[in-house]
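Here the structure is a predicted model, which is why all the values come from computation and not from measurement.
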Amino acid sequence: MNSGNKVTTFFREATPTNKQQRLIALILLICQGGITVSGAIVRVTGSGLGCITWPECHPGSLVPLSGAAPWIHQLIEFGNRLLTFVVSAAAVAAIVAMHMARRRTELKVYAWLNLAGVMVQAVIGAISVFLKLNWWAVALHFLPSMILVWLAAMLYSRILEPDDGTPTRMFPQAIRVMAAMATIALAVVLTTGTMVTGSGVHSGDDGVGMEGRLNVDTEFMAVVHAMCMYAYLALTLIVVFMLYRFRASELAKKAGWVLIACILVQWGIGVAQFYMHIPRWTVPIHIGMSSVVTAFTALLWAHGLRRTGGSENLVTGSPAAEEKYAARRAALAQR
């Protein structure tokens, strides 16, 4: 291989392809959802104050200290904090990939918002520790994670669309409105879910007890949460019915049915929790499915507006990057 071909090959390999970009976005999405599960594990094991300050674990020490708190609580809480760096690394990788591939501004914004959100979440997490895991502070720590899952899912979905494509509405406006209503219902479901947890038996730390808990009947709050979930499910079913009514794409219909399946699984977990009086092991599963449901809601929403047309067979999805390839090849050919 001559030197010119080596340079061209290096340039192509240094610019992430569509497939590589999507893999990075998928890793970011998994990380955003995964850290909510680790946070739930912190809560149900009573490890929330295993590290009593922030950014240090204990005053004068960034890492756990022998005897400062039960070692298992320190390990779980400190491990959850370390996962923040994993999520940050995934967000940085997404940012770098979008810029190296010269992707459109929309994708760069999704990537940057993920990183900014991780930083905000670190601050909110610190506040919740300083407030001794007050229920509303913990709720505020969880809900932004769902927003970040949504943004990561949108990034994952949008990457395959060519940057020079024309934004095209794939659904009639009526479906978009109904999908927006379903998304709002999901936000209410997630919010009432934090209120169920906030009034429940899992305070987040063994020494906190019921101090700082939401002072409402947990069973009543669970019923309210369930009613909101039924409304969300009904709205999603209406959206899927309308997709068939207006002959939407098969991919959109499939996304709708997968979302309904996820909602039903989440419903089953919630019902089991209620009748088993919220055993510890069910909470991380329920939290994890919240991320799955949120992600698939975002994917269904993304089907409503797509970039169509544009350049075909783009390796990176970006005409700007492809033009740079062509310019580099032309320059090498003249040597």
* So Arg104 and Arg307, side-chain contact (heavy atoms from CB on, under 4.5 Å) or not? Walk me through it. -> CA-CA 12 Å; Arg104 61 186 183 274; Arg307 286 179 177 265; 3.1 Å; yes

* Any residue meeting disulfide bond (SG atoms under 2.5 Å apart) with Cys228, in chain and number order, not counting sequence neighbours -> none

* **Taking every non-hydrogen atom, the tightest pair across Arg103 and Glu161** => NH2-O, 3.0 Å

* To do: Verify side-chain contact (heavy atoms from CB on, under 4.5 Å) between Tyr156 and Gln21, making sure each step is shown before the conclusion.
  => CA-CA 8 Å; Tyr156 175 78; Gln21 294 168 41; over 6 Å; no

* Asked: Where the side chain of Thr282 meets the backbone of Ile278, is there a donor-acceptor pair that is under 3.5 Å apart?
  -> no

* **Audit row: Met98, Leu155, side-chain contact (heavy atoms from CB on, under 4.5 Å) steps and yes/no** => CA-CA 10 Å; Met98 295 306 105; Leu155 175 64; 4.1 Å; yes

* To do: Could you tell me which non-hydrogen atom of Ala298 sits nearest to which non-hydrogen atom of Met154, and how far apart they are?
  => O-SD, 3.5 Å

* To do: Answer yes if the side chains of Thr218 and Ser199 hold a donor-acceptor pair under 3.5 Å, and no otherwise.
  => yes

* Asked: Is a donor on one side and an acceptor on the other found under 3.5 Å between the side chain of Ser318 and the backbone of Ala101?
  -> yes

Quiz: residues 117-126 side-chain donor-acceptor pairs under 3.5 angstrom, not counting sequence neighbours:
| from | atom 1 | to | atom 2 | distance (Å) |
| --- | --- | --- | --- | --- |
| Gln121 | OE1 | His141 | ND1 | 3.3 |
| Gln121 | NE2 | His141 | O | 2.5 |
| Gln121 | NE2 | Ser145 | OG | 2.6 |

* For Thr168 and Thr166, does a side-chain donor sit closer than 3.5 Å to a side-chain acceptor? -> no

* **Residues that Arg102 engages under salt bridge (charged side-chain N to carboxylate O under 4.0 Å, His left out), provided they are two or more places apart** => none

* Start with the C-alpha distance between Met195 and Val216, add both sets of side-chain angles, then the distance that settles side-chain contact (heavy atoms from CB on, under 4.5 Å), and finish with yes or no. => CA-CA 9 Å; Met195 297 173 75; Val216 298; over 6 Å; no

* If you measure from the Lys or Arg side-chain nitrogens to the Asp or Glu carboxylate oxygens, is any gap between Glu77 and Arg81 under 4.0 Å? -> yes

* To do: Check whether any side-chain N or O of Thr297 sits under 3.5 Å from a backbone N or O of Val293 as a donor-acceptor pair, and report yes or no.
  => yes

* To do: Can you see which heavy atom on Asp163 is nearest to which on Pro319, and at what distance?
  => CB-CD, 3.8 Å

* For the residue pair Thr183 and Tyr232, confirm or rule out a side-chain donor-acceptor distance under 3.5 Å. => no

